[in-house]
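This report concerns only the one structure given below.
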Amino acid sequence: MIKAVRGTRDLLPPDTELWNFVEHTVREVFARYNYREIRTPIFESTELFSRSVGEETDIVSKEMFTWEDKARAASEKTQTLTLRPENTAGVVRAYIEHELGRSGLLQKLYYIGPQFRRERPQKGRYRQFFQIGAEVLGPTTAGSELPIRDAEVLDMLTALLDAVGLTGWTLYLNSVGCAKCRPAYNQALRDALENVKDQMCGDCQRRSETNPLRVLDCKVPEDQPIIEGLPKIADYLDEGCREHFAQVRAILDTLGIPYQVNERMVRGLDYYTRTTFEFTHGKLGSQSAVLGGGRYDGLSEQLDGPKAPGIGFAIGEDRLVLALQAQQQQTLAPLKAFVVPLGEGMNRHALKLAKQLRADGVAVDVSDESFRLKKSFETAEKLGATFAIIVGENEVKADAFAVKNLTSGLQTTVSRSELLGHLED
RNA sequence: GUGGGUAUAGUUCAAUGGUGGAACGCCGGUCUGUGGCACCGGAUGGUGUGGGUUCGAGUCCCACUACCCACCCCA
């Protein structure tokens, strides 16, 4: 048997209904904030990711699905392509390529789509996974750098989580500084680690060399006192970054959005500057981050584009759905009625009635006359239909049908013209 | 990529190395124009894949694959 490959999966009914509900809600909520959809290719030049996400990150150094696309003709050239491991790079690339900044307006874009990372699958982690993300970016003159944008993004996220019914989340907030002040902090951290790293766990000793910021994220209990004593990013933020972060928090306070500043929260993509954030949820096991994001004021220039500060996020849709399922969010059965033909030659009359109801926008399904009536009722029950409508000889003659409410058990005879109104009561 | 666990019917699980079972679900009947309840009856897998040990393997060994948990990391 051929099976779905490692780390990929089929989404089947009824789960797909929850996915659709989430995506529907996303589109509706994001539209209220004036975001519009962008769709970028599912694969891009490998270089796009190595230059934006960062050559040294785990994503680029070991998790990408990359292949050589060989030249087939003189007019082609061989290039190295990669299935997108995230979508911000693609959006910024599109922003640059189509000169979206020339409108002078802030670009508020969102996307929903699959991403690919070659990691070991785990709960809430798949090799093909779905992200719902949004980016707001534009020229500085459009206000793209201002704290109000950060706060608005976070406000939209809380509105979305509210709308889909997710409870029990925590918003963690941090500022990681900018290209000017972060190097100083990095250096201070390296210097401090030099003295204490041999007392720390093996992972931290390694991180001290490769990515000192990650040491802050260590969960080994013995290391915690040492980490407490390390330099704090807040003390190294320059005036601009400090003020920016303070304003973001002030606006969040005004909006009544609860958050916790977490100075240890480190994000794994190199392009983040200033504000970074993460929403976690307790029901997700060790992959507790349901969404994450941050500001990336230098990304466009890093990709040879114009100055275009921005902020964005990605929601792990798989994880959001998992969290909702853990809350036992029930999706309702959408089927209104099950039309039951009874006796020979009734199929066509049943289908005609179904056609009429469907044209009126009612979700109905149709049985067939090979089923005994009892069986059809059982099926109606299993399908979650609210009504069963019987189409027998008597009914066809009278052009009025036996309509049974499967919840209450009450049955009445309703004429064809009154049927629609009866079902919608 | 690393460590650990698991893999038996549609599902959840049983089966001291000796002919693979239960529950639920499914199908049928009691009940030939009426579901949910009850009772009766029935079908369903040869044990993830490939090797090996053994007279004999679901059971022991090896490899592979997948899933789960954790690490790493991230959404």
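Owing to the predicted nature of the structure, the values given are computational and were not obtained by experimental measurement. Chain A is the first sequence line, chain B the second, and so forth, proteins listed ahead of strands; every chain is numbered from 1.
Here A/A380 lies out of heavy-atom contact (under 4.0 Å) with every strand. Heavy atoms of A/R319 sit under 4.0 angstrom from at least one base atom. A/V340 comes within 4.0 angstrom of nothing in the nucleic acid, heavy atoms only. Across all strands shown, A/G409 has heavy atoms under 4.0 Å from base atoms, whether or not it also approaches the sugar-phosphate. In this structure, A/Q411 reaches the bases: a heavy-atom distance under 4.0 Å links it to at least one base atom across the strands shown. Residue-level contact check: A/Q115 touches neither bases nor backbone, having no heavy atom under 4.0 Å from any strand. Within 4.0 Å of A/L291, counting heavy atoms only, lie sugar-phosphate atoms of the nucleic acid but no base atom. Counting non-hydrogen atoms under 4.0 angstrom, A/E317 reaches nothing in the nucleic acid. Residue A/E369 is out of contact with every strand shown, counting any heavy-atom pair closer than 4.0 Å. The residue A/G343 sits apart from the nucleic acid: no heavy atom pair falls under 4.0 Å. Here A/G292 lies in heavy-atom contact (under 4.0 Å) with sugar-phosphate atoms only.
The base of B/U2 sits with one of its N or O atoms less than 3.5 Å from a complementary donor or acceptor on the side chain of A/R120. Scanning atom types as modelled, no donor and acceptor separated by under 3.5 angstrom connect the side chain of A/E393 and the base of B/G33. Evaluation of atom-type donor-acceptor distances gives no pair under 3.5 Å for the side chain of A/K375 against the base of B/G35. Taking only distance into account, the side chain of A/R9 never meets the base of B/C67 through a donor-acceptor pair shorter than 3.5 Å. A/R372 contributes no side-chain N or O that forms a donor-acceptor pair with the base of B/C31 under 3.5 Å.
A gap of 28 Å separates the P atoms of B/G45 and B/C61, to the nearest Å. Here the separation of B/U44 from B/U6, taken at their C1' atoms, is 24 Å to the nearest Å. When the P atom is compared between B/U59 and B/G51, the two are found 14 Å apart, to the nearest whole Å. Taking atom P on both nucleotides, B/A70 is separated from B/C62 by 26 Å, rounded to a whole Å. The gap from the C1' atom of B/U53 to that of B/G41 amounts to 44 Å, rounded to the nearest Å. Comparing the C1' positions of B/G29 and B/A43 gives an interatomic distance of 15 Å, to the nearest angstrom. Taking atom P in both B/U49 and B/A57, the straight-line distance is 15 Å, to the nearest Å. Between B/G58 and B/A15, the distance separating the two P atoms is 15 Å to the nearest Å.
For A/L420, the CG atom sits in a packed shell: over 12 heavy atoms of surrounding residues, nucleotides or ligands are nearer than 6.0 Å. Residue-environment remark: CZ (A/R36) stays at or below the threshold of 12 foreign heavy atoms within 6.0 Å.
Across all strands shown, B/G42 forms a Watson-Crick or G-U wobble pair with B/C26, both key distances being under 3.5 Å. Figure legend. B/A7 is base-paired to B/U65; pairs are counted as Watson-Crick or G-U wobble with both atom distances under 3.5 Å. When both pairing distances are held under 3.5 Å, B/C73 makes no Watson-Crick or G-U pair with any nucleotide shown.
Within the 3.5 Å criterion, the main-chain N or O of A/D235 finds no donor-acceptor partner in the side chain of A/Y185. The closest donor-acceptor contact from the side chain of A/E369 to the backbone of A/M346 lies under 3.5 Å.
Distance A/Y126 OH to B/A66 C1': 14 Å, rounded to the nearest Å. Rounded to whole Å, atom C1' of B/C69 lies 14 Å from atom CG of A/L322. We find that CD of A/E378 is positioned 14 Å from P of B/G33, with the value rounded to whole Å. The separation between A/L373 atom CG and B/G35 atom C1' is 9 Å, rounded to whole Å. Rounded to whole Å, atom C1' of B/A70 lies 16 Å from atom CG of A/L284. For the pair A/R125 CZ and B/C69 C1', the interatomic distance rounds to 12 Å; values are reported in whole Å. Atom pair A/D58:CG and B/U2:C1' shows a separation of 13 Å (rounding to whole Å applied). The distance between atom CG of A/L12 and atom C1' of B/G10, rounded to the nearest whole Å, is 13 Å.
Contact check, A/K382 against B/C26: a side-chain N or O comes under 4.0 Å of OP1 or OP2.
With distances taken from any side-chain atom of A/R117 to the nucleotides B/C26, B/U34, B/C74, the minimum falls on B/C74. The nucleotide whose nearest atom lies closest to any side-chain atom of A/F377 is, among B/G35, B/G1, B/C73, B/G35. If you check B/C72, B/G33, B/C69 against the side chain of A/K123, the one that comes closest is B/C69. For A/R118, whose side chain is taken as the heavy atoms from C-beta onward, the closest listed nucleotide among B/G1, B/G36, B/C72 is B/G1. Of the candidates B/C73, B/C74, B/C68, B/C73 carries the atom nearest the A/E119 side chain, counting heavy atoms from C-beta on. Residue A/E381 places its side chain closer to B/G35 than to any other of B/C71, B/G35, B/C74. If you check B/G33, B/A70, B/U34 against the side chain of A/N394, the one that comes closest is B/G33.
Comparing A/I390 and A/T57 by the nucleotide of RNA chain B that holds the closest heavy atom to each, the one mapping nearer the 5' end is A/I390. Looking at which nucleotide of RNA chain B each of A/Y272 and A/L342 is closest to, the 5′-most match is held by A/L342.
Both tests hold for A/R249 against A/F245: distance to the six-membered ring centre under 6.0 Å, angle to the ring axis within 45°.
With its glycosidic angle more than 90° from 0, B/G58 is assigned anti.
The aromatic rings of A/W169 and A/F279 sit tilted relative to each other, their planes meeting at an angle between 30° and 60°. Aromatic ring pairs are classed by plane angle as parallel below 30°, tilted from 30° to 60° and perpendicular above 60°; the pair A/F277 and A/F313 is tilted. Between A/F43 and A/W67, the ring planes are perpendicular. Angles over 60° get that label, and only those under 30° would be called parallel.
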Item to check | Audit row: A/E378, A/K382, salt bridge (Lys or Arg N to Asp or Glu O under 4.0 Å) steps and yes/no | outcome: CA-CA 6 Å; A/E378 282 171 359; A/K382 279 180 207 155; 5.2 Å; no

